[in-house]
Amino acid sequence: MVRVHTLHIEPPVVNASCAWASDYEQLRELYDSAYTGAVITRTATFNGFSEDANNTFAFAKDSITSVNSYGYSPHPLSKYLDWVYTLLTTPCLDGSPPTKPIIISITASTPTVLAEMVENIQSLRKKLRATYSAATSFGQYVPSTTFVSSIDPATLVGIELNTSCPNIKDAPPPSYTFTLLLPLLDVLSSAFYSDPSLTIGLKLPPYLYSTRFAEVVRFVHTYTREIHQDGQALRSLNPFAYLACTNTLGSCLLFSEQMLQDPVISQEPSANSMETDGADARSPPASPSPRSPSSASSTPPPQPPSPSFSPSMFALPTALGGMGGESIHPISLGNVYTFARMLAAHPDPAMRRVRVFGIGGVTSAAAAGRMRAAGASVVGCATLLGREGVRAFEIIAGHS
């Protein structure tokens, strides 16, 4: 079991926020899996994110790799709050009370909106406390006195801030310029110090330069506070319990000849929830391959094909999108390794308690083992989930 502040994750495996964690049915299946230790919802905005036919995904044919052109979930936060409440007040398949944590992934462009979203999540946590405390019936299940006294149900709900989606038009991921995140982190920090039982994580993009890693650690450290009693420092606390590394890599291109045609997908995203900020993809209809440019030295170099004139040449209607899966695995491993080493060596004990979630190319038990060897306390997947359904977690566990 891995403890991430107040969340207990066993086994230490999760889904990444993605299209296959969009609606209640998908979340229910993830929650019921014996191979997930926690469930992370699709990233929600306050009112839901608008999408169109250009938002889709595709799998590569030669590896478990994906590209996607999605933004955030079309479902508003209020839907996720209802679904999470239902999941956490409904008995599991074996009749036992729900004890698996759920992390609600959210994003906002302004501190004011984020503060309202966090307040609504805190209201859900208070509602769960009241429900369990009263020992009232949820569905057919009435929690026992022992169960009610042994768990704070509010600690079954965490928050993940996702500001690393590479596909938002005219809005590059603010996580690449960490100072832009500070007003949002201020909101989360305030919520934590008002209620230190709240577990908060940050979903980060793939970083490629050492200065970026140092910047993240430096700014996260500024939120550490010393807790005093009778004039003496008892311990230091930091509001951020984990860093999720990594989201997809933006501005990636697959041609249609590289994509998997008519893949057999065990669990497709539902029709009304087809978009993701994670590492998942789905193939559009088959299309002709692009012509190879001439190698003759007398021939001028060809102009790049335009998505507006030849959309069928590309795996995505937008041509460019976020890449996840096996092709990003080495980058994600490097991010996990770098953050894990920097946190472990930090002089602040609160920073040394920050966990790393390894996401990116976790497509096998061996890949999960590499993530753990690099320093991940918890591993997560999205692309494999899109390819295999919840069976993906059996594969990661080495049982399939």
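Nothing fancy with the numbering, it's 1 onward along the sequence. Fair warning: this is a prediction, and the values are worked out from it, not measured in the lab.
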Exam field: side chain [X] to backbone [Y], donor-acceptor pair closer than 3.5 Å:
| X | Y | answer |
| --- | --- | --- |
| T36 | L30 | yes |
| S190 | D186 | no |
| Y24 | K79 | no |
| N68 | T56 | no |
| E388 | L384 | no |
| S33 | Y35 | yes |

Close aromatic pair by centroid cut-off 6.0 Å: H399 and F393: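 Ring-ring flag for H399/F393: false, centres at least 6.0 Å apart.
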Aromatic ring proximity, centroids under 6.0 angstrom, H5 and F192: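 Centroid separation for F192 and H5: below 6.0 Å.
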Within 6.0 Å of OH in Y223, more than 12 heavy atoms from elsewhere: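 Result for OH/Y223: enclosed.
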Looking at R218, I'd like to know if its CZ atom is crowded, meaning that more than 12 non-hydrogen atoms belonging to other residues, nucleotides or ligands lie closer than 6.0 Å.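 Enclosed.
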Pairing of [X] and [Y] as salt bridge, 4.0 angstrom limit:
| X | Y | result |
| --- | --- | --- |
| R28 | E25 | no |
| R125 | D195 | yes |
| R391 | E394 | no |

Donor on one side chain, acceptor on other, [X] and [Y], under 3.5 Å:
| X | Y | result |
| --- | --- | --- |
| T43 | S73 | no |
| S327 | T65 | yes |
| Y242 | E160 | yes |
| T338 | R212 | no |
| S105 | K203 | no |
| N162 | S164 | yes |
| T131 | Y85 | yes |
| D348 | S236 | yes |
| T107 | T163 | no |
| T246 | S332 | yes |
| N54 | T318 | no |

Show, in sequence, the C-alpha distance, side-chain angles and deciding distance for L343 and R352, and conclude whether the side-chain contact (heavy atoms from CB on, under 4.5 Å) test is met. CA-CA 5 Å; L343 292 169; R352 295 198 296 270; over 6 Å; no
Show the nearest heavy-atom pair for residues H329 and G361, with the distance to one decimal.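 Between these two residues, the closest heavy atoms are ND1-O, 3.4 Å.
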Kindly confirm or rule out a cation-pi arrangement of R387 over F59, judged by NZ or CZ under 6.0 Å from the six-membered ring centre and within 45° of its axis?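 Positive - R387 is close enough to the ring of F59 and near enough to its axis.
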Taking the six-membered ring of Y193 (Phe, Tyr or Trp), confirm whether the NZ or CZ of R225 is under 6.0 Å from its centre and within 45° of its axis.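 Yes, cation above the ring, under 6.0 Å and within 45°.
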Please say yes or no: joined through hydrophobic side-chain contacts below 4.5 Å, possibly via intermediate residues, are L182 and F240 part of one cluster?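 Yes, because L182 and F240 connect within a single hydrophobic cluster, where side-chain heavy atoms sit under 4.5 Å apart.
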Please report the interatomic distance CD1(I200) to CG(L188), rounded to the nearest 0.5 Å.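 Separation between the atoms: 5.0 Å.
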If I take atom CG from residue L128 and atom CG from residue L88, how far apart are they, to the nearest 0.5 angstrom?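 L128 CG to L88 CG: 5.5 Å, rounded to 0.5 Å.
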